[in-house]
Amino acid sequence: MAIRKFKPTTPGQRNKAISAFDDITAKKPEKSLLEPIRKSGGRNNQGKMTMRYIGGGHKRMYRIIDFTRLKDECKATVLTIEYDPNRSARIALVQYEDGVKKYIIAPNGLKVGAVIASGSGVAPELGNCLPLGEIPLGTLVHNIELRPGQGAAMARSAGTFAQIAAREGNHVILRLPSGETRMVLASCRATVGIVSNPDHSLESHGKAGRVRHLGRRPRNRGVVMNPVDHPMGGGEGRASGGHPRSRKGMPAKGYKTRNPQAPSNKFIIERRKK
C-alpha cells in the first residue's frame, strides 16, 4: 500500500499523488453483492437544490458490506482484496464454509487465503470479530459496535482504529486517535486490527477534474459572497469576513455544537483534544 507520485508532465500531474493499488487482487466485484445507487444531485423530490456542491460524478454500484459479522458457526476464507469506490478503505470478499460469500472491511495486512472467524471464544487475531470484553488490553480494533447487534458504527474508514485501554464492570474503555476516551458495552463486537489503506490521507487529487469525478462540484467561500447570501459576505475590497460562521449563522472554528443533553455524553470520559 504505497503512494504513487507522478512526473510533472502536465499541470494536473504536478501535484498528483494516488494509491498504487498494489494490494488489489481482483478487477471485477462479486455480482451477487452489488446494488445500484441512485444519485439525487443534491435535489429533493420537487427538483429543488437543498444541498449545494453535489452533482455529476462517475456511475457507481454499491457493494453490500457485512458490518454485523453474525455468522458465528463457520469460518471464512479470504478470496480477494478489492477496491470500493464508495469508501476509503479496501474491502475483502470472504467465503464461508457453507458457500455464502460476503464483503467485509479489509484490515491492514489481511492476505488472500487467510482464514477468519467471528463470535465469542474466537482467538483475538487479525480479521477476527469478537466481543470487546474478550479482547486483550492494548489491542488495536476497528469496526466497533456502539450497541450490541447494531453493526459496526465506529472506526470504519481507511487507517482508523481504537485501542482497548481498560475494563470497568460491563464496559470497556476505548482510546480513540483523536484523544477521546469513551466507554462501550463489553458485549459489543469489534474486529481486531487497523483498517486497510492507511496511506489514504497522503493522497492528492492534483486537479479539479478528479474531484468532479467523485461527484463534488465547486465550493465557493462565504467571504466572496454578498451580504444577502452569507453572514461573512460583503465589505469593501477583500474583507476578512468577521467571525467565522456558516451560511445560516452557526459559529464555526471553536464553537461547540454538541448537544449538552445528548444521552451518549455519559459514556464519554474525556473529550477529544483541541
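Numbers here are sequence positions counted from 1. Just so it is clear, the values below take in all heavy atoms, side chains as well, and ignore hydrogens, waters and symmetry mates. Being a predicted model, the structure only gives us computed values, none of them experimental.
Shown here is Glu73, whose CD atom has more than 12 heavy atoms of other residues, nucleotides or ligands within 6.0 Å. The 12-atom threshold is not exceeded at CZ of Arg4, counting heavy atoms of other residues, nucleotides or ligands nearer than 6.0 Å. Within 6.0 Å of the CZ atom in Arg87, the count of heavy atoms belonging to other residues, nucleotides or ligands exceeds 12.
In this structure, Glu145 and Ala152 approach most closely via the heavy-atom pair CG-N, 4.0 Å. When all heavy atoms are compared, the tightest approach of Ala239 to Gly234 is CB-O, 3.9 Å. In this structure, Leu126 and Pro107 approach most closely via the heavy-atom pair CD1-CB, 3.7 Å. Residue Ile81 comes nearest to Leu110 through the heavy atom pair CD1-O, 3.9 Å, listed as atom of the first residue, atom of the second, then distance.
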Val184 and Leu146: CA distance, side-chain angles, deciding distance, side-chain contact (heavy atoms from CB on, under 4.5 Å) verdict: CA-CA 6 Å; Val184 180; Leu146 294 179; 4.3 Å; yes
Applying side-chain contact (heavy atoms from CB on, under 4.5 Å), run through His200 and Ser19 and close with a yes or a no. CA-CA 7 Å; His200 175 73; Ser19 174; over 6 Å; no
Given side chain to side chain donor-acceptor pair (under 3.5 Å), test Glu30 with Ser32 step by step and report yes or no. CA-CA 6 Å; Glu30 175 68 26; Ser32 62; 3.1 Å; yes
Please lay out, stage by stage, how Asn86 and Arg60 fare under the test side-chain contact (heavy atoms from CB on, under 4.5 Å). CA-CA 8 Å; Asn86 307 298; Arg60 300 175 182 176; 3.4 Å; yes
Which is it for Leu174 and Ile144 under the side-chain contact (heavy atoms from CB on, under 4.5 Å) test, yes or no, and what are the steps along the way? CA-CA 10 Å; Leu174 296 177; Ile144 304 159; 3.9 Å; yes
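Taking 4.5 Å as the limit, every side-chain heavy atom of Lys16 sits out of range of all side-chain heavy atoms of Lys5. Counting only heavy atoms from C-beta outward, the side chains of Val172 and Met183 never approach each other to under 4.5 Å. Contact check for Lys253 versus Pro244: side-chain heavy atoms found under the 4.5 Å cut-off. No side-chain heavy atom of Cys188 sits under 4.5 Å from any side-chain heavy atom of Gln150. Under the 4.5 Å side-chain criterion, counting only non-hydrogen atoms from C-beta, Leu79 is not in contact with Val94.
Salt-bridge formation is detected for the pair Lys71/Asp98: a Lys NZ or Arg NE/NH1/NH2 atom is positioned less than 4.0 Å from an Asp or Glu carboxylate oxygen. The existence of a salt bridge linking Asp72 and Arg189 is confirmed by a sub-4.0 Å separation between a basic side-chain nitrogen and an acidic carboxylate oxygen. Ion pairing between a basic and an acidic side chain is recognised when a charged N comes within 4.0 Å of a carboxylate O; Arg90 and Asp84 show no such pairing.
Atom CG of Asn170 is separated from atom OG of Ser187 by 8.0 Å, given to the nearest 0.5 angstrom.
Of the N and O atoms on the side chains of Glu82 and Tyr103, at least one donor lies less than 3.5 Å from an acceptor on the other residue. Between the side chains of Arg258 and Ser264, at least one donor N or O sits under 3.5 Å from an acceptor N or O. Looking only at atom types and distance, the side chain of Asp199 has no donor-acceptor partner in the side chain of Ser201 under 3.5 Å away. Residues Thr181 and Arg272 have side chains that never bring a donor and an acceptor to within less than 3.5 angstrom of each other. A donor and an acceptor atom, one from each side chain of Thr139 and Gln163, are nowhere located under 3.5 Å apart.
Val192 and Leu132 end up in the same hydrophobic cluster when Ile, Leu, Val, Met, Phe, Trp and Tyr side chains are linked at under 4.5 Å. By the criterion of side-chain heavy atoms lying less than 4.5 angstrom apart, applied directly or through intervening Ile, Leu, Val, Met, Phe, Trp or Tyr residues, Met225 is not grouped with Val223; the two fall into different hydrophobic clusters. If you chain together hydrophobic residues whose side chains sit under 4.5 Å apart, Tyr96 and Ile116 fall into the same group. Under the 4.5 Å side-chain heavy-atom criterion for Ile, Leu, Val, Met, Phe, Trp and Tyr, Leu93 and Ile105 are members of the same hydrophobic cluster. Placement of Leu176 and Leu140 in two distinct hydrophobic clusters is found when ILVMFWY residues are connected by side-chain heavy-atom separations under 4.5 Å, directly or transitively.
Ring orientation note: the planes of Tyr83 and Phe21 are nearly perpendicular, at an angle over 60° on the 30°/60° scale.
Cation-pi geometry between Arg156 and Phe67 is satisfied (NZ or CZ under 6.0 Å from the ring centre, within 45° of the ring normal).
Hydrophobic side-chain contacts under 4.5 Å tie Met250 into a cluster, directly or through other members, with Tyr255. Leu70 belongs to no multi-residue hydrophobic cluster, having no ILVMFWY side-chain contact under 4.5 Å with any other such residue.
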Identify every side-chain donor-acceptor pair in residues 34-53 under 3.5 Å, counting partners at least two apart or on other chains, and give the distances.
{"residue": "Lys39", "atom": "NZ", "partner": "Gly56", "partner atom": "O", "Å": "3.3"}
{"residue": "Lys39", "atom": "NZ", "partner": "Gly57", "partner atom": "O", "Å": "3.4"}
{"residue": "Lys39", "atom": "NZ", "partner": "His58", "partner atom": "O", "Å": "2.7"}
{"residue": "Ser40", "atom": "OG", "partner": "Gly42", "partner atom": "N", "Å": "3.2"}
{"residue": "Arg43", "atom": "NH1", "partner": "Gly41", "partner atom": "O", "Å": "2.6"}
{"residue": "Asn44", "atom": "OD1", "partner": "Gln46", "partner atom": "N", "Å": "3.0"}
{"residue": "Asn44", "atom": "OD1", "partner": "Gly47", "partner atom": "N", "Å": "3.3"}
{"residue": "Asn44", "atom": "OD1", "partner": "Lys48", "partner atom": "N", "Å": "3.0"}
{"residue": "Thr50", "atom": "OG1", "partner": "Gly42", "partner atom": "O", "Å": "3.4"}

